[in-house]
Amino acid sequence: MPPVRDAAAAAETAYLPPVRDAPAAAETAYLPPVRDAAAPGAPYPPPVQDAAAAAETAYLPPVREGAGVPDGWFREEAPAAAGPAGAAPGAESWAEATAYLPPQAAADPAPQAAAPGAAQPGGPAGQPGGPQAPGEDPAYSPPTLGGNTMRAVDPAQARAEGLSPIIDPGPQSALLTAALGLLLAAAAPFGDLALLLPLVVLQGLTAAGWFRLNGMWPARQGIALAFLGALVADAAVLAVDAVHGPGAIIGTLGVWVLLTLVLQLRSAADPDERMYGLMASVASAALAIVCAGFLAAGSAAVSVGAVAVAVAVFVRALPLPPAPSAGVSLAAAAGSGIAVGALTSIGAGGALLGLAAGVCALIGLRVAAYDYPSKFVHMTAGVALPLAAAAPAVYLLGRVVG
């Protein structure tokens, strides 16, 4: 079909009306017109050089010279002469105005003199209580033989200050241990059923104290399992003859180790946590079950050993130097063994039994004092472990000297 040669007819049939006025096109344009011709070969046309139009479309108001702008703010400006600290004039005031925290006063380089008569703990730098060099980690004192017998420092404070991790239970726990030991000694001559009541208290304190000593609390399942094993061991010892008492204790201990292993394998905890729980559960059950050795031993041996433990722990809690305190404790345990042995059928053999029970009591007391123990640990493990550790020695030496 031939094209239309008539311009008027073409205009009538066009889709859009013709643009007849150039200013009208400029008013409806999306971008302002480019007023300066682009240079030949330039990739982009130059922008509009109209300051008034730029000010109307700017995002931020224009910056006027001297209106709150610090010196050296713009890159093209040369920085002012630096002060003695290398900072530009006015920088400190701007830093103070925009800081999150108030400015800190300059510290006095010279340390303050100590008050007259005040104690100066510690020694040279790097030693506990002495001044620390800049950037140096705080030094920790090695564990001492005596620890903190009188419990003058809180465990959290001792850990923060880097003191010895050994804090002995102190006189309160010693009094409770002595009372429980005297109850065992007094109940032994009246038969196994009379001995059972203080023994059950000892086994419960042992099961709970060992878990808390290892930092595992509340650990209700582990404590209940260990205490149940102790009760089963007591029942087994009472059910058999005296000569088969050790076999009943060892058999109960083996069964409870297997039961604890099965329960830990069914746990959904991490492998490391599961192994840690297994060792704590086995140790707690073993200590609680071994306490049944007081039931298997003779009444005379129980009386001598329990009194020796009570005397050794009480003397150890007295404010004495570390080495003499241990020696005096063992001597007192041996002397009490002689005294109580003279009242029973053991006789002079009570010295050996009392000495052995005293050694075991001091070992249990040291275990309960390790790794910044809390007051709860001292009132459970610190009370029970000296007697629990002495139970095997009471049975074995009781058979020898009795």
Side-chain angles (χ1 to χ4, degrees), residues 143 146-159 163-187 196-231 280-281 283-291 294 305-319 325 329 333 357-358 360-391:
N148 182 17
T149 304
M150 298 306 294
R151 190 181 173 81
V153 182
D154 184 74
Q157 180 183 356
R159 185 188 296 271
L163 301 179
S164 173
I166 299 175
I167 303 177
D168 289 333
Q172 294 181 355
S173 300
L175 290 176
L176 293 177
T177 304
L180 187 57
L182 293 178
L183 284 177
L184 289 171
L196 192 60
L197 179 59
L199 180 61
V200 168
V201 175
L202 172 63
Q203 291 169 332
L205 291 175
T206 303
W210 185 260
F211 276 98
R212 191 63 183 92
L213 180 63
N214 285 268
M216 303 178 67
W217 191 258
R220 299 182 183 91
Q221 180 180 357
I223 294 174
L225 184 64
F227 185 63
L228 181 60
L231 295 181
S281 300
S284 177
L287 289 172
I289 292 173
V290 162
C291 291
F294 285 111
V307 171
V309 171
V311 172
V313 172
F314 180 78
V315 174
R316 185 67 177 86
L318 297 179
S325 177
S329 300
C360 295
L362 294 185
I363 293 175
L365 197 65
R366 175 48 60 95
V367 172
Y370 185 68
D371 199 13
Y372 302 105
S374 63
K375 189 70 173 179
F376 184 83
V377 174
H378 284 170
M379 290 298 147
T380 53
V383 173
L385 285 184
L387 288 167

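Just the heavy atoms: all of them, side chains too, but no hydrogens, waters or symmetry mates, feed the values below. As the structure is a computational prediction, the values presented were derived from the model and not from experiment.
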Problem set entry | Student check: side-chain heavy atoms of L197 and L183 closer than 4.5 Å | no
Exercise. Between A333 and G358, what is the shortest heavy-atom contact and its length?
Worked result: CB-CA, 3.9 Å
Exercise. Any side-chain heavy atom of D168 within less than 4.5 Å of one from R366?
Worked result: yes
Exercise. Could you give the distance from CG (L205) to CG (L180), rounded to the nearest 0.5 Å?
Worked result: 7.0 Å
For this session: Give, for atom CZ of R212 and atom OG1 of T380, the distance between the pair rounded to the nearest 0.5 Å.
Result: 8.5 Å
Exercise. If every non-hydrogen atom of A288 is compared with every non-hydrogen atom of A230, which pair is closest and at what distance?
Worked result: O-CB, 3.6 Å
Exercise. Can you check whether L318 reaches S325 side chain to side chain, under 4.5 Å on heavy atoms?
Worked result: no
Exercise. Is there a side-chain contact between V309 and L184 (heavy atoms, below 4.5 Å)?
Worked result: no
For this session: Quick one: closest heavy-atom pair of T206 and A388, and the distance?
Result: OG1-CB, 4.0 Å
Exercise. Any side-chain heavy-atom pair from V200 and L231 closer than 4.5 angstrom?
Worked result: yes
Problem set entry | Inter-residue atom distance S374.OG - M379.CE, 0.5 Å rounding | 10.0 Å
Exercise. Does the side chain of W210 reach to within under 4.5 Å of the side chain of L385, using non-hydrogen atoms?
Worked result: yes
Problem set entry | Side-chain heavy-atom pair L199, C291 within 4.5 angstrom cut-off | yes
Exercise. Going from OG1 on T177 to CG on L182, what distance comes out if it is rounded to the nearest 0.5 angstrom?
Worked result: 10.5 Å
Problem set entry | Under 3.5 Å: donor-acceptor pair, side chain of H378, backbone of Q172 | no
Exercise. Is any side-chain heavy atom of I223 closer than 4.5 Å to a side-chain heavy atom of S284?
Worked result: no
Exercise. Shortest non-hydrogen contact from A174 to A317?
Worked result: CB-CB, 3.7 Å
Exercise. What closest approach, in Å, do G181 and A306 show between heavy atoms, and which atom pair accounts for it?
Worked result: O-CB, 3.2 Å
Exercise. For A187 and P198, which heavy atoms make the closest approach, and how far apart are they?
Worked result: CB-CG, 4.4 Å
Seminar exercise, completed: Taken to the nearest 0.5 Å, the spacing of L287 CG from L202 CG works out to 10.0 Å
Exercise. When rounded to the nearest 0.5 angstrom, what is the spacing between CD in Q221 and CZ in F211?
Worked result: 9.0 Å
